[in-house]
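Report on the following structure.
By convention here, the first residue in the shown sequence is residue 1. These figures come from a predicted structure and were not determined experimentally. Only heavy atoms go into these numbers, but all of them, side chains included; no hydrogens, no water, no symmetry mates.
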Amino acid sequence: MGQSISSPPPATVTRTSPPSSCPMHDVPSTGCPIQHNNPPVAKPSGGCPIDHSSFNTLNPTNQMPNLPQTPISPQAVPLPTERTMSSIPRVVDGETKTDTHQTWEYPSPQQFYNALVRKGLDTPPEHIETVVEIHNFLNERAWGEVMKWERRVAQEGDEEPHLARFKGRPGEMSPKARFWMLAGWLLPSRFNTEPPFDRHDWIVRRPRDGTEVRYVIDYYSAPSTPNGDPGFALDVRPALDSLESVQQRVAVGMDDVWEGLREKGWGKSERGGTQQARS
């Protein structure tokens, strides 16, 4: 799929930049804002202030512990504890027998910082609010790309699919990402040589019959936009777990091939008109 500011459906790779009102514009445009490669910060030997008993219990929907809202050492800057509701459906009407529409809730900056500390990632507390803005912005765009795929197989009258659960897998490169890394190694002048800075696996449930589809999302840093905004590229596609997903991936790949040929002028006459087959 081509990389563009707003790619036509059903694109699997979308380059995007934050809205002008977003504080993300103040961060560098290269790489993930979280320093994944930094070694874990050594904790003082005088005892850990974090209650690890709650950290050892993982939430099965997101493979994360129940993070506290309390500041932890060595945090010196107070962080907001308010959480933001996403637009990503969590439970559709009727499934909880309450006829309510629920959406996923993003972690607060304090919870986000606590999660990074738990993982040994050194991120200055004063940057956390911007990092959370990036996190939320990219997840909203990722859900939009998922919905482009889902609309290809939706039937009339279907309710909107929802995100049943997900798992972050930043240390596991997907097969497709490995392929593009190999292509970049062989042809560095043509293909990107930077690996994705994050990966998520999202399980999407279709209310029609309860079918669950796994989506793989690779997050890449991208060149800045012409006006200097930071750029990110998302590669969103259904995992090759079923025949339907394979057929979708092939169909979208062929659509891209034909679109590329049309952009190059294939099928047009010298006068600029489309050639018609003779009967």
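- Side-chain atoms of Val132 and Tyr106, non-hydrogen and from C-beta on, never get closer than 4.5 Å to each other.
- Judged by distance alone, with hydrogens and angles left aside, the side-chain atoms of Ser86 form a donor-acceptor pair with the main-chain N or O of Trp104 at under 3.5 Å.
- Within the 4.5 Å cutoff, no side-chain heavy atoms of Lys167 are placed close to those of His200.
- Within the model, atoms CD1 of Ile134 and NE2 of His127 stand 10.5 Å from one another, a figure rounded to the nearest 0.5 Å.
- The aromatic rings of Tyr219 and Phe197 are tilted relative to each other, their planes meeting at an angle between 30° and 60°.
- Of all heavy-atom pairs between Val216 and Ala239, the closest is CG2-CB, 3.9 Å.
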- Hey, mind stepping through Val117 and Ile72 against side-chain contact (heavy atoms from CB on, under 4.5 Å) and telling me if it holds? CA-CA 9 Å; Val117 171; Ile72 58 178; 3.6 Å; yes

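- Of all heavy-atom pairs spanning Pro125 and Val77, the tightest one is CB-CB, 4.1 Å.
- Taking OG of Ser174 as the start and CD1 of Ile217 as the end, the distance is 11.0 Å to the nearest 0.5 Å.
- Nearest heavy-atom pair, Pro161 versus Pro89, reported as atom, atom and distance to 0.1 Å: O-CG, 3.8 Å.
- Between the side chains of Glu105 and Thr84, not a single donor N or O lies within less than 3.5 Å of an accepting N or O.
- The CZ atom of Phe179 sits 14.0 Å away from the CE atom of Met173 when rounded to the nearest 0.5 Å.
- The CE atom of Met147 sits 14.0 Å away from the CZ atom of Arg152 when rounded to the nearest 0.5 Å.
- Considering every non-hydrogen atom in both Ile128 and Phe112, the closest pair reads CG2-CB, 4.5 Å.
- In terms of heavy-atom proximity, Pro238 sits nearest to Arg249 at O-NH1, 2.7 Å.
- When hydrophobic clusters are built by joining Ile, Leu, Val, Met, Phe, Trp and Tyr residues whose side-chain heavy atoms come closer than 4.5 Å, directly or via intermediates, Phe166 is grouped together with Phe137.
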- Full working for salt bridge (charged side-chain N to carboxylate O under 4.0 Å, His left out) between Arg165 and Glu212: CA-CA 10 Å; Arg165 57 191 181 277; Glu212 293 189 341; 2.9 Å; yes

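- Within the 3.5 Å criterion, the main-chain N or O of Arg206 finds no donor-acceptor partner in the side chain of Thr211.
- A donor-acceptor pair under 3.5 Å links the side-chain atoms of Asn139 to the main chain of His135, judged by distance alone.
- Atom CG of Leu121 is separated from atom CZ of Arg118 by 11.0 Å, given to the nearest 0.5 angstrom.
- Taking the side chain as every heavy atom from C-beta outward, Val146 and Val213 never approach each other to under 4.5 Å.
- When only modelled atom types and interatomic distance are considered, Arg214 and Ser242 share no side-chain donor-acceptor pair under 3.5 Å.
- No continuous path of hydrophobic side-chain contacts links Leu243 to Leu240 [ILVMFWY only; heavy atoms under 4.5 Å].
- With a 4.5 Å cut-off on side-chain heavy atoms, Ser108 and Glu82 do not count as touching.
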- Would Leu163 and Arg90 count as a side-chain contact (heavy atoms from CB on, under 4.5 Å) if you check the C-alpha gap in whole Å, the side-chain angles of each, and the deciding distance to 0.1 Å? CA-CA 5 Å; Leu163 179 61; Arg90 184 171 187 171; over 6 Å; no

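- When side chains are defined from C-beta on, Tyr220 does not count as touching Glu194, because their heavy atoms never get closer than 4.5 Å.
- Glu140 and Asn136 are not linked by any side-chain donor-acceptor pair at a separation below 3.5 angstrom, with hydrogens and angles left out of the test.
- One distance of note links CH2 of Trp143 with NE2 of His162; it measures 8.5 Å at 0.5 Å rounding.
- Paired with Arg169 under the rule salt bridge (Lys or Arg N to Asp or Glu O under 4.0 Å), one option of Asp201, Asp198, Asp218 passes, and it is Asp201.
- Between the side chains of Glu150 and Tyr215, at least one donor N or O lies within less than 3.5 Å of an accepting N or O.
- Of all the heavy atoms in Pro68 and Gln111, the pair that sits closest is O-CG, 3.6 Å.
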